[in-house]
Each structure stands twice: as structure tokens, then as C-alpha cells.
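Convention: sequence-line order gives letters A, B, ...; per-chain numbering from 1.
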Amino acid sequence: AQSVTQPDIHITVSEGASLELRCNYSYGATPYLFWYVQSPGQGLQLLLKYFSGDTLVQGIKGFEAEFKRSQSSFNLRKPSVHWSDAAEYFCAVGAPNTGNQFYFGTGTSLTVIP
Amino acid sequence: DAGITQSPRYKITETGRQVTLMCHQTWSHSYMFWYRQDLGHGLRLIYYSAAADITDKGEVPDGYVVSRSKTENFPLTLESATRSQTSVYFCASSELGTGLAIYFGEGSWLTVV
């Protein structure tokens, strides 16, 4: 069965520090992978996506993510965090071969301290 | 480009009342979804639709009804609202094919008292 695990419920980082949010997935075929960000009171915004090609993908707001098939991971990174990055982050797997279903992790809440 | 619009954005209703949340998309995406978001549960799929007149249950469909007579609209109805249905509801849409992603509306905050 398809599933997505985000092991960190909450992360706190200092402004200017680097960030890595973890995501592990379980999916039988080639996955379509996504990261979304949700600011308080808002919907989910697409940060980046991977479906083939270069395993390091660049997204908006200076984020990047690396697909590692051997580890079933798709971790999100940012070299230098800004206070405005404080939000909830969701990893997702898209399953076009099973009715275009999407499976979301339970999210990681990011706090940025000055 | 309006994308996905949900209405109402905020609603308070009483237990037992029928409530309909509206969702409209301007991209002509084939797929549309309804999720609910609750603390500790993340996003849970209620219903989805692959095309007009085609709908299917998701993870938590009980107590909800959907319809899709037109590609661009996907209303969600709570037939008899219960307090456990107090939640934030997100409508989303997607299209199959290379580069697929799912795009979300701003959410509808529903409180059942």
C-alpha cells in the first residue's frame, strides 16, 4: 500500500541556518513526489515536484529536494532559512496508476527563531 | 487565473443541519478532490472525482455526499452535520499526465455546534 511518512512532527531552526525535512514513501512503482507548504489559514502551495530525470529538483522560495530511490526518500532542503519560511510542510506521493490518488504525510511544522 | 475557489470560507452550523461546501475550478482539470484537515490526522481524502458524473469514495466518506454534474464544480454536502465534522475542508484538482500535481483551494473552515 502507498504511504508517506514524515518522521519529524515539529522542527525549530534559527534564521539563517540550513534546513532539512525528511520524507519517506512506500510505493510500488515509480513515484511522483511532491512537497507542499501551508501557511496558517491558507491552502497548500506546491513547492516542487519530481517525476523523472535529475534526482535533485529545484523549487520555489529557494527550496530543493533530492530523490533517493535506494532509501525511498525525498527530503526537502534549504541552505538558509528565513523567518517567512515558518509554516507546515507536507510531502506527498502521486499515484497515477491507481486512479490518480495522492497520499500525504502528516506534515512537519517549522518554527524559525530569530 | 482564478484557479480553485471555495465557498463559503467560514461557516458555523448546528448539529443536524445540511451544509454544502462549493468548489469551482477554472483549469478544466479532470480530477477533483475533497480533503479534510484535522490536527494529528493531516489531510484525509473524503471523495474524489475522475470526471463529470464519476465519483468515488476516499478514506473518510461517511456522512458526506458529492456530485459532479459539470467538470468545473464539485460540491460537498454534509447531509446531517455532526460535531465530529468540524474541520477545515480543502477542495483540490489535478490532471493526469507528465507534470501532474494537485492544486488546492484556500479551504473552508466549518464549525458544527
Side-chain angles (χ1 to χ4, degrees), chain A residues 1-10 21 23-25 27 29-54 57-60 65 74 87-109, chain B residues 1-7 9-10 21 23-25 27 29-51 54-61 74 87-110:
Chain A
Q2 297 84 353
S3 67
V4 178
T5 301
Q6 293 180 246
D8 304 305
I9 296 174
H10 184 246
L21 302 182
C23 173
N24 294 99
Y25 67 89
Y27 185 60
T30 300
Y32 289 63
L33 296 162
F34 308 86
W35 275 100
Y36 288 84
V37 60
Q38 184 182 30
S39 298
Q42 301 295 315
L44 279 73
Q45 180 185 20
L46 179 66
L47 277 177
L48 47 78
K49 60 186 178 183
Y50 169 82
F51 48 90
S52 67
D54 193 344
V57 293
Q58 303 296 319
I60 62 172
F74 188 57
E88 189 89 14
Y89 291 82
F90 292 91
C91 180
V93 169
N97 298 327
T98 56
N100 202 31
Q101 293 286 326
F102 290 83
Y103 301 89
F104 287 85
T106 50
T108 297
S109 177
Chain B
D1 187 350
I4 295 181
T5 53
Q6 294 183 231
S7 62
R9 292 292 314 280
Y10 304 93
L21 306 180
C23 178
H24 176 79
Q25 55 117 347
W27 292 311
H29 284 168
S30 297
Y31 284 83
M32 294 189 75
F33 308 82
W34 274 106
Y35 289 88
R36 61 178 290 175
Q37 185 177 33
D38 305 286
L39 199 62
H41 292 279
L43 287 162
R44 292 184 290 177
L45 181 65
I46 304 171
Y47 270 94
Y48 68 100
S49 168
I54 300 175
T55 62
D56 210 343
K57 296 178 180 179
E59 180 185 355
V60 289
F74 191 41
S87 186
V88 184
Y89 292 86
F90 287 100
C91 180
S93 72
S94 176
E95 190 59 76
L96 282 174
T98 302
L100 74 90
I102 185 169
Y103 297 94
F104 287 84
E106 293 290 299
S108 293
W109 272 251
L110 177 67

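Residues B:H29 and B:Y103 form a side-chain contact, since some pair of their non-hydrogen atoms from C-beta on lies under 4.5 Å apart. When side chains are defined from C-beta on, B:C23 counts as touching B:W34, because their heavy atoms get closer than 4.5 Å.
Proximity to chain B (any heavy atom under 4.5 Å) is shown, for A:Y50, by neither the backbone nor the side chain. Looking at B:E59, neither its backbone nor its side chain comes within 4.5 Å of chain A, counting heavy atoms on both sides. Neither the backbone nor the side chain of A:Q45 has a heavy atom closer than 4.5 Å to any heavy atom of chain B. At a 4.5 Å heavy-atom cutoff, the contact between A:L46 and chain B is made by side-chain atoms alone. Within the 4.5 angstrom heavy-atom criterion, only side-chain atoms of B:R9, from C-beta onward, approach chain A.
Side-chain contact check for A:T106 and A:Q6: no donor-acceptor pair (N or O, by modelled atom type) lies under 3.5 Å. Residues B:D38 and B:S87 bring a donor and an acceptor atom of their side chains to less than 3.5 Å of each other.
A tilted orientation is assigned to the rings of A:F34 and A:Y36, their planes being inclined by 30° to 60°.
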